[in-house]
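Right, one structure below, let's go through it.
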There are 2 protein chains.
Amino acid sequence: MKYSHKLSDAVHILAYIDIFQNEDFSSKAIADSIESNPSLIRRLMSSLSKAGLLITRSGSVSPRLSRPADQITLLDIYLAIDDSHELLHVDEKTNMNCPVGRNIQDTLNAAYDQVQQAAEESMKTIVLQDLIEDVLIREKNRNQ
Amino acid sequence: MKYSHKLSDAVHILAYIDIFQNEDFSSKAIADSIESNPSLIRRLMSSLSKAGLLITRSGSVSPRLSRPADQITLLDIYLAIDDSHELLHVDEKTNMNCPVGRNIQDTLNAAYDQVQQAAEESMKTIVLQDLIEDVLIREKNRNQ
DNA sequence: CTAGGTGTTACTTTTTAAGTAACTGTTATT
DNA sequence: AATAACAGTTACTTAAAAAGTAACACCTAG
């Protein structure tokens, strides 16, 4: 998942919606906070909504979390916006005429699965509520 | 680290060298097994060598592991070929005029560090020797 | 001394993801 | 009902990243 910051933006959206209760939640306003563009925000929100994390209405500016922020984990968000679910990637083009080339893919897939599991377990322990509180604490510290 | 398979290729190289003792270890021969090209192999081998995992000689076809395969972990290899050491990535362009935008980066970096730690701990438990044995077992099963 | 290899750098191509635009259909408001 | 604004979606463009390739200086073994 090199270079992609979709997960970061998705967390940003959810945190934004939870923090600024009853403010402007148009895709335009959120895009402004992320310094991105509304269309991209709408796509991410669509993924979050399909994954059941966000409740939206089609022509209406009224997104809200589908459940309390302490019941949404980083893993939930990751699974919502990433469809490969692979942090590491096997080289799918190896020489099948070589004993190593024709077996290494399966070997590595098994190994990478294990690493993936560990990463996902860790994501599961990180809750949106914690992230939001961390943002608020950092903001408070700035103002002192 | 989407799409990148440098780690996979690096493991492939090391496994290849350990399995085929005293055979042709020219970058051309190894490239043939990976179905890649010699220059790329030489670059990866250079990284592995700089990280102290591989011993090479400049004009000579004589690469060998610097220590036994059971003393080389997947983490060693990962650290050797990846210099960002980040499986997840923060969006570095957020709006500093927004309370969320100006703090979320630090918040996410801390969270991602935790996930990275978990992934690396898992990589540490996977040893090159295990991967090689797995390849050989798979090959043996094919021939039955 | 020469043929063939390594190590390295620069460059090109391919792939991926972000960014953008456009359009349909829904909602809220008057 | 009309309309203005927005969500949801698709298609397309641009930018970024990684793989692939070529070239070359230097080293080594025969």
Side-chain angles (χ1 to χ4, degrees), chain A residues 1-10 12-13 17 22-32 34-51 53-64 80-84 86-95, chain B residues 1-10 12-13 17 22-51 53-64 78 80-84 86-95:
Chain A
M1 213 174 178
K2 189 110 184 179
Y3 174 67
S4 172
H5 45 252
K6 275 170 70 180
L7 178 58
S8 299
D9 291 346
H12 192 140
I13 291 171
I17 290 173
N22 300 322
E23 289 205 28
D24 183 4
F25 290 156
S26 66
S27 57
K28 170 82 185 60
I30 300 177
D32 195 52
I34 300 189
E35 286 197 351
S36 180
N37 68 82
S39 192
L40 190 138
I41 303 300
R42 289 203 290 277
R43 256 179 303 182
L44 280 174
M45 288 175 76
S46 172
S47 296
L48 293 170
S49 154
K50 276 172 187 156
L53 302 181
L54 200 62
I55 293 172
T56 56
R57 279 185 78 189
S58 151
S60 161
V61 187
S62 56
R64 60 191 174 84
I81 57 94
D82 184 290
D83 28 55
S84 85
E86 288 181 359
L87 293 169
L88 296 172
H89 296 267
V90 164
D91 187 344
E92 292 174 353
K93 188 167 85 32
T94 55
N95 190 341
Chain B
M1 212 174 179
K2 188 108 183 181
Y3 176 69
S4 172
H5 44 253
K6 275 170 68 179
L7 178 58
S8 299
D9 291 346
H12 192 140
I13 291 170
I17 290 173
N22 299 321
E23 289 204 29
D24 183 4
F25 290 156
S26 66
S27 57
K28 171 83 186 61
I30 300 177
D32 195 52
S33 171
I34 299 189
E35 285 196 352
S36 179
N37 69 83
S39 191
L40 190 137
I41 303 300
R42 290 203 291 275
R43 256 179 304 180
L44 281 174
M45 287 175 77
S46 171
S47 295
L48 293 170
S49 154
K50 277 172 186 155
L53 302 182
L54 200 62
I55 294 172
T56 56
R57 279 186 79 190
S58 153
S60 161
V61 187
S62 57
R64 61 191 173 84
Y78 171 72
I81 57 94
D82 184 291
D83 28 54
S84 85
E86 288 182 357
L87 293 169
L88 296 171
H89 295 267
V90 164
D91 187 346
E92 292 174 355
K93 185 168 86 31
T94 55
N95 190 341

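Order of the sequence lines sets the chain letters (A, B, ...), proteins ahead of strands, with each chain counted from 1.
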Side-chain N or O of [X] versus OP1/OP2 of [N]: is the shortest distance under 4.0 Å?
| X | N | answer |
| --- | --- | --- |
| A/Ser60 | C/dA28 | yes |
| B/Asn37 | D/dG20 | no |
| B/Ser4 | D/dA19 | yes |
| B/Ser27 | C/dG5 | no |
| B/Lys50 | C/dT8 | yes |
| B/Arg57 | C/dG7 | no |
| A/Lys93 | C/dT15 | no |
| B/Thr56 | C/dT6 | no |

Legend entry - Student check: side-chain heavy atoms of B/Asp82 and B/Leu7 closer than 4.5 Å: no
Inset, instruction - Would you mind reporting whether A/Ser8 and B/His89 have side-chain heavy atoms less than 4.5 Å apart? - result: no
Legend entry - A/Arg43 (side chain) and C/dT20 (base): donor-acceptor pair under 3.5 Å: yes
Inset, instruction - Between A/Ser46 and A/Gly59, just flag the one whose closest nucleotide in DNA chain D comes earlier from the 5' side. - result: A/Gly59
Please report, rounded to the nearest Å, how far the [atom2] atom of [N] is from the [atom1] atom of [X].
| X | N | atom1 | atom2 | value |
| --- | --- | --- | --- | --- |
| B/Asp91 | C/dA17 | CG | C1' | 12 Å |
| A/Met45 | D/dT9 | CE | P | 12 Å |
| A/Leu40 | D/dT9 | CG | P | 14 Å |
| A/Asp9 | C/dA18 | CG | C1' | 10 Å |
| A/Ile34 | C/dA17 | CD1 | P | 18 Å |
| B/Leu48 | C/dT6 | CG | P | 14 Å |
| A/Glu35 | C/dT20 | CD | C1' | 17 Å |
| B/Lys28 | C/dT6 | NZ | P | 11 Å |

What is the nucleic acid contact for [X], judged by heavy atoms within less than 4.0 Å: base, sugar-phosphate only, or nothing?
| X | value |
| --- | --- |
| A/Ser62 | nothing |
| A/Ser36 | sugar-phosphate |
| A/Ser39 | base |
| A/Ser49 | nothing |

Inset, instruction - Look up atom CZ in B/Arg43 and atom CG in B/Leu48, then write down how far apart they are to the nearest 0.5 Å. - result: 13.0 Å
Legend entry - Candidate nucleotides C/dA22, C/dA18, C/dG5, ranked by approach to the side chain of A/Arg42 - the nearest: C/dA22
Legend entry - Polar side chain donor-acceptor pair, B/Ser39 to B/Asn37, under 3.5 angstrom: no
Inset, instruction - Would you kindly say whether B/Arg42 and B/Ser27 are connected by a side-chain donor-acceptor distance under 3.5 Å? - result: yes
Inset, instruction - Would you indicate whether B/Lys28, at its atom NZ, is surrounded by more than 12 heavy atoms from other residues, nucleotides or ligands within a distance under 6.0 Å? - result: no
